[in-house]
**Q** 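Got a structure here, written out as structure tokens. Questions coming.
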Amino acid sequence: MSEHFFRTLAWQAARRYPARERFARHFAYGKLTIDPVFAHLLARGLIPAQARVLDLGSGQGILSALLLAAHERHRSGDWPEAWPAPPKLRGMRGIELMHKDVERARHAGDAATSFVCGDIRSTDFGAADVVVILDVLHYIDYAAQQDVLRRVRDALGAGGVLILRVGDESGSLRFRITVAVDRAIMRLRGHRLARLHCKPLEQWKRELTQLGFHVEVVPMSAGTPFANALLAARLAPRPSLLP
Ligand SMILES: C[S@@+](CC[C@H](N)C(=O)[O-])C[C@H]1O[C@@H](n2cnc3c(N)ncnc32)[C@H](O)[C@@H]1O
């Protein structure tokens, strides 16, 4: 997909936020075009058609806005041949702490999307085929991270996929920049942050493997100064009963 095409798609997604919400529109456009994770999810077809998606710490619903814009664009016949068709979802649910962001996500959504204001440490996950957690788990403590991941596994069941983006903790300059920018943006968005609970990538991978996930890791910082990685963690499909 050309950079130009993705920029026009990002703007289409950003326009799902009302014009009076200038901050939300520009934030969505900026994030979609600067952060490589969103184009990657579409290019790799990581979210299958007809999936029930659960977005934990969904913020203002940027992923949902992008998937809806992508589906519209594909339906209009304007979609690059090299990319898989964007998924038409069975449903998309988001759980987000910040009321203002939940409102924004609802505005940018459609009838198949729903966003609740809640804490992922206590809100029921229901059942899902794909769980997405982008840049969220380091806000909750280590024991809570383990508990959320266990509950994600149970919500997914056989064949489910967790798409998790984390910062790779180390002494590197990239990691220090990741944390500094994270703190600045969260403050700008009205959060009061205590400490962050980051971990090295290898530890995230090990903990997911112990929960029964098969994990693939892709660096996810291209074009940015950050130390981010995307983990696509899959549970084994249910064994076939056929011989
Ligand atoms: C860096 S933002 C990422 C938002 C979104 N995942 C995205 O990629 O656009 C992290 C989000 O996680 C939310 N969050 C942090 N802790 C949370 C919790 N315990 N329960 C629900 N949401 C939480 C924050 O309010 C914030 O919107």
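No hydrogens, no waters, no symmetry mates; every other heavy atom, side chains included, goes into these values. Whatever order the structure lists ligands and atoms in, that order sets their numbers, starting from 1.
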**Q** Distance alone, cut at 3.5 Å: any donor-acceptor contact between the side chains of Tyr29 and Arg15?
**A**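 No, because no side-chain N or O of Tyr29 sits under 3.5 Å from a partner of the opposite role on Arg15.
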**Q** If you compare all heavy atoms of Ala65 against all heavy atoms of Ala108, which two are closest, and at what distance to 0.1 Å?
**A**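 That would be CB-CB, 4.3 Å.
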**Q** What are the two closest non-hydrogen atoms of Trp79 and Ala85, and how far apart are they?
**A**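 Minimum heavy-atom separation between Trp79 and Ala85: NE1-CA, 4.2 Å.
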**Q** Identify whether the distance between the nearest side-chain nitrogen and carboxylate oxygen of Arg165 and Asp35 falls below 4.0 Å.
**A**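 Yes, charged N to carboxylate O under 4.0 Å.
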**Q** Yes or no on side-chain hydrogen bond (donor to acceptor under 3.5 Å, both in side chains) for Thr8 and Arg73, after CA distance, side-chain angles and deciding distance?
**A** CA-CA 10 Å; Thr8 61; Arg73 195 72 170 264; 2.8 Å; yes
**Q** Can you produce the list of protein nitrogen or oxygen atoms under 3.5 Å from a nitrogen or oxygen of ligand 1, alongside each distance?
**A**
unit_1   : atom_1 : unit_2 : atom_2 : d
ligand 1 : 6 (N)  : Gly57  : O      : 2.8
ligand 1 : 6 (N)  : Leu134 : O      : 3.0
ligand 1 : 8 (O)  : Lys31  : NZ     : 3.2
ligand 1 : 9 (O)  : Lys31  : NZ     : 3.1
ligand 1 : 19 (N) : Asp119 : OD1    : 2.9
ligand 1 : 20 (N) : Ile120 : N      : 2.9
ligand 1 : 22 (N) : Leu97  : N      : 3.3
ligand 1 : 25 (O) : Glu96  : OE2    : 2.6
ligand 1 : 25 (O) : His191 : NE2    : 3.3
ligand 1 : 27 (O) : Glu96  : OE1    : 2.8
ligand 1 : 27 (O) : Glu96  : OE2    : 3.1

**Q** Using a strict 4.0 Å threshold on nitrogen-to-oxygen distance, state whether Arg90 and Asp129 make a salt bridge.
**A**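 A salt bridge is present here (some side-chain N lies under 4.0 Å from a carboxylate O).
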